[in-house]
Amino acid sequence: MLTLSALREQRDAVIAALAKRGLDAAETIDGILAADAERRATQTRLDGLLAESNAASRKIGELMRSGQREEAEAMKATVSGNKALEKELKDQLAALEGSVHEALCHLPNTPCDLVAAGKSAEDNVEVFRSGGVPTLAEGAVPHWDLASKYDLIDFDLGAKVTGAGFPFYKGKGAKLQRGLIRFFLERAEEAGYLEYIPPHMINEESGFGTGQLPDKEGQMYHMQDDNLFMIPTAEVPLTNIYRDTLLNAADLPIKLCGYTPCFRREAGSYGKDVRGLNRLHQFDKVEIVQIADPATSYAKLDEMVDHVKGLLDTLELPYRILRLCGGDMGFTSAMTYDFEVWSAAQERWLEVSSVSNFETYQANRLKCRFRGENGNELVHTLNGSALALPRIVAALLENHQGPDGIRIPEGLQAYVGFTSIH
RNA sequence: GGAGAGGUGGCAGAGUGGUAAUGCAGCAGCCUGCUAAGCUGUGACCGAGUAUCUUGGUCCCCGAGUUCGAAUCUCGGUCUCUCCGCCA
């Protein structure tokens with residue numbers, strides 16, 4: 001969430017930044033500032049009262065020890081007399097803190113300067129495009145047909161055993177998954193990311209820390225008996241490693257990665273968006289995360305973008321990079337680059353990675369700080385998919401299909417253990 | 001699932017009603033011709049003011065309660081550990 005100091009010191013700039021999301025936050029922010037001013041005034045009153053009571057209590061202790069019982073009894077009355085007002089002010093303070101916190105939680109992050117104003121995907125800015133779009137041979141088909149033709153993925157079986165959006169991968173389809181995961185992890189390791197295998201369920205605190213709660217509660221699978229949530233992305237457990245921590249500047253940047261399945265309810269999706277591998281309830285992903293010094297976090301974002309580019313180049317897939325506009329960015333992000341791969345047979349772009357800098361938005365929820373030169377400061381958090389499997393598999397099958405089967409790109413062959421699918 | 005023990009600063013660890021010892025680590029300063037040691041200082045968060053300083057409050061897992069005063073006593077919750085049971 002945004003920091004109160006940002007609202008206090010840069011009210012107009014925050015409102016202008018949020019306007020790029022199509023949000024008019026002036027009224028909300030002024031409400032927060034008013035409640036905060038009242039909160040501080042209330043605390044000043046309460047602190048004064050408590051100081052008085054504390055001093056009197058200490059004095060009573062001294063009087064009792066020196067045997068001046070009557071004087072002590074008289075002072076007890078003063079302390080007791082303060083109690084009612086103290087209780088009232090404490091309640092007021094808690095209520096004001098609660099309302100400020102609640103309002104802050106529902107304000108999205110401020111887009112950074114480079115981000116364009118805009119309402120939807122149409123306003124995103126293309127910043128890079130690799131090579132040319134391939135033309136496929138006569139008779140090229142979408143991946144769901146290839147998946148059944150070569151017996152790689154069984155969607156119907158998944159629907160029988162679990163439900164739509166939970167496919168089975170079989171034979172070379174399964175080996176392809178395993179090989180891609182290993183390829184992504186090893187490339188991350190070479191780039192200096194420490195690998196973790198995190199839990200696949202998270203608690204409420206962690207969901208709040210990275211911003212899935214309370215905003216996106218309905219998108220996560222919830223285990224009611226234990227109040228745990230299935231992870232929608234490894235971002236949640238990986239970033240929450242650093243919840244409630246105070247780091248040294250020398251520790252930064254921290255680079256971690258991990259492979260996990262991801263679980264998403266995807267309520268409200270329909271149509272061709274959900275056909276085949278395009279949108280699943282369970283999918284595999286390798287995530288990279290950085291905890292960075294604010295001074296260098298945008299350089300780290302560029303570094304992560306370059307990392308993902310390298311992966312797609314090795315996979316020989318045509319792609320473009322978009323810098324998302326204010327209205328299309330996630331709630332918690334300050335800047336996001338989306339990677340889209342061209343799906344030749346479907347003739348559409350498929351999002352395969354999202355790389356974001358959250359600046360202090362998550363850090364403020366996580367209470368993740370470091371000892372900086374000017375005292376303790378919030379860190380910047382960043383993360384990116386490197387990469388999400390299903391649409392990569394879709395694009396690999398579709399773009400590398402030929403009359404003799406599907407060609408595995410050379411750089412991937414060592415990881416999957418075969419050179420083609422036929 | 002049953003029984004028991006426990007949760008104190010970055011870490012270790014004392015503290016059974018009078019307002020958080022001590023050690024280690026980190027950081028800063030001082031000292032010192034030998035790769036180090038020694039000495040001194042240093043918790044987090046929220047406020048106020050005459051604002052590189054002064055000062056108040058909160059924080060001993062969380063929440064209530066008793067009390068002039070709670071890390072300490074009472075109740076509820078939560079998490080961890082040990083043993084037993086079940087079990088991959």
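Lettering follows sequence order; numbering is per chain, from 1.
- Identified under the salt bridge (charged side-chain N to carboxylate O under 4.0 Å, His left out) test for residues 350-361 of chain A, with sequence neighbours left out: none.
- Taking atom C1' on both nucleotides, U19(B) is separated from A71(B) by 10 Å, rounded to a whole Å.
- As the counterpart of G23(B), C11(B) is assigned, both hydrogen-bonding distances of the Watson-Crick or G-U wobble pattern falling under 3.5 Å.
- Distance NZ (K90(A)) to P (C46(B)): 19 Å, rounded to an integer number of Å.
- Spacing of C1' atoms, C60(B) relative to G2(B), comes out at 31 Å, to the nearest Å.
- Ring geometry, H222(A) versus F229(A): the interplanar angle falls under 30°, so the pair is classed parallel (tilted spans 30 to 60°).
- C11(B) and A44(B) are spaced 16 Å apart, taking the C1' atom of each and rounding to whole Å.
- Taking atom CD of E52(A) as the reference point, atom P of U58(B) lies 13 Å away to the nearest angstrom.
- For Y169(A), the side chain to side chain donor-acceptor pair (under 3.5 Å) test picks out no residue, with sequence neighbours left out.
- The nucleotide U80(B) finds its pairing partner in A5(B), both defining distances of the Watson-Crick or G-U wobble pair being shorter than 3.5 Å.
- For Y361(A), there are no ring-ring contact (aromatic ring centres under 6.0 Å, His included) partners at least two apart in sequence or on another chain.
- Nucleotide C79(B) holds its P atom 10 Å from the CG atom of N203(A), rounded to whole Å.
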Please tabulate, one pair per line, each protein N/O and nucleotide N/O from nucleotides 67-69 of chain B that are separated by under 3.5 Å, including the distance.
unit_1, atom_1, unit_2, atom_2, d
C68(B), O2', S57(A), OG, 3.0
G69(B), OP1, K83(A), NZ, 3.1
G69(B), O4', S57(A), OG, 3.4

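- U72(B) makes up no base pair with any nucleotide shown, lacking Watson-Crick or G-U wobble contacts both under 3.5 Å.
- Distance, R8(A) CZ to C46(B) C1': 10 Å, rounded to whole Å.
- If you measure from atom CD of E97(A) to atom P of G47(B), you get 9 Å, rounded to the nearest angstrom.
- Nucleotide G43(B) forms a Watson-Crick or G-U wobble pair with C59(B), both donor-acceptor distances falling under 3.5 Å.
- C30(B) is paired with G38(B) under the criterion used here, namely a Watson-Crick or G-U wobble arrangement in which both key atom distances are under 3.5 Å.
- Listed pair N376(A) / A44(B) meets the phosphate criterion, a side-chain N or O lying under 4.0 Å from OP1 or OP2.
- Remark: the separation of the P atoms in A20(B) and A70(B) is 12 Å, to the nearest Å.
- G47(B) and G41(B) have their C1' atoms separated by 26 Å, with the value rounded to a whole Å.
- With salt bridges taken as basic N to acidic carboxylate O contacts below 4.0 Å, none links E377(A) and R371(A).
- Among residue pairs with one or both ends in residues 107-120 of chain A, none qualify as salt bridge (charged side-chain N to carboxylate O under 4.0 Å, His left out); sequence neighbours excluded.
- Residue pairs satisfying the side chain to side chain donor-acceptor pair (under 3.5 Å) criterion with at least one member in residues 19-34 of chain A, sequence neighbours excluded, are listed as follows: R11(A)-D30(A).
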Could you go over nucleotides 23-29 of chain B and give all protein N or O partners under 3.5 Å, atom names and distances?
none

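- Straight-line distance between the C1' atoms of G9(B) and A21(B): roughly 13 Å, to the nearest whole Å.
- One atom, CG of L247(A), and another, P of C11(B), lie 13 Å apart when rounded to the nearest Å.
- Where K87(A) and R369(A) each meet RNA chain B at their nearest nucleotide, the meeting point lying more 5' is that of R369(A).
- The side chain to side chain donor-acceptor pair (under 3.5 Å) pairs that include a residue from residues 171-185 of chain A are Q177(A)-D284(A), R182(A)-E186(A), where partners are two or more places apart or lie in different chains.
- Straight-line distance from the CG atom of L49(A) to the P atom of A48(B): 17 Å, rounded to whole Å.
- Applying the ring-ring contact (aromatic ring centres under 6.0 Å, His included) test to H281(A) and every residue at least two apart in sequence or in another chain returns F166(A).
- The interatomic distance linking K59(A) (NZ) with U19(B) (C1') rounds to 16 Å, in whole Å.
- Within residues 29-48 of chain A, the residues that have a heavy atom under 4.0 Å from RNA chain B are, in order of number, R39(A), R40(A), Q43(A), T44(A), D47(A).
- A side-chain N or O of E303(A) and one of Q290(A) form a donor-acceptor pair less than 3.5 Å apart.
- Ion pairing of K87(A) with D91(A) is present here, as a side-chain N (NZ or NE/NH1/NH2) and a carboxylate O approach within less than 4.0 Å.
- Base pairing of A88(B) is not made with any nucleotide, judged by Watson-Crick or G-U wobble geometry with both donor-acceptor distances under 3.5 Å.
- Comparing the C1' positions of C86(B) and G13(B) gives an interatomic distance of 37 Å, to the nearest angstrom.
- Among residues at least two apart or in separate chains, there is no salt bridge (charged side-chain N to carboxylate O under 4.0 Å, His left out) pair with a member in residues 195-208 of chain A.
- G10(B) sits 31 Å from A64(B) when the C1' atoms are compared, rounded to a whole Å.
- Here salt bridge (charged side-chain N to carboxylate O under 4.0 Å, His left out) pairs that include residues 323-332 of chain A, with residues two or more places apart or in two chains, number zero.
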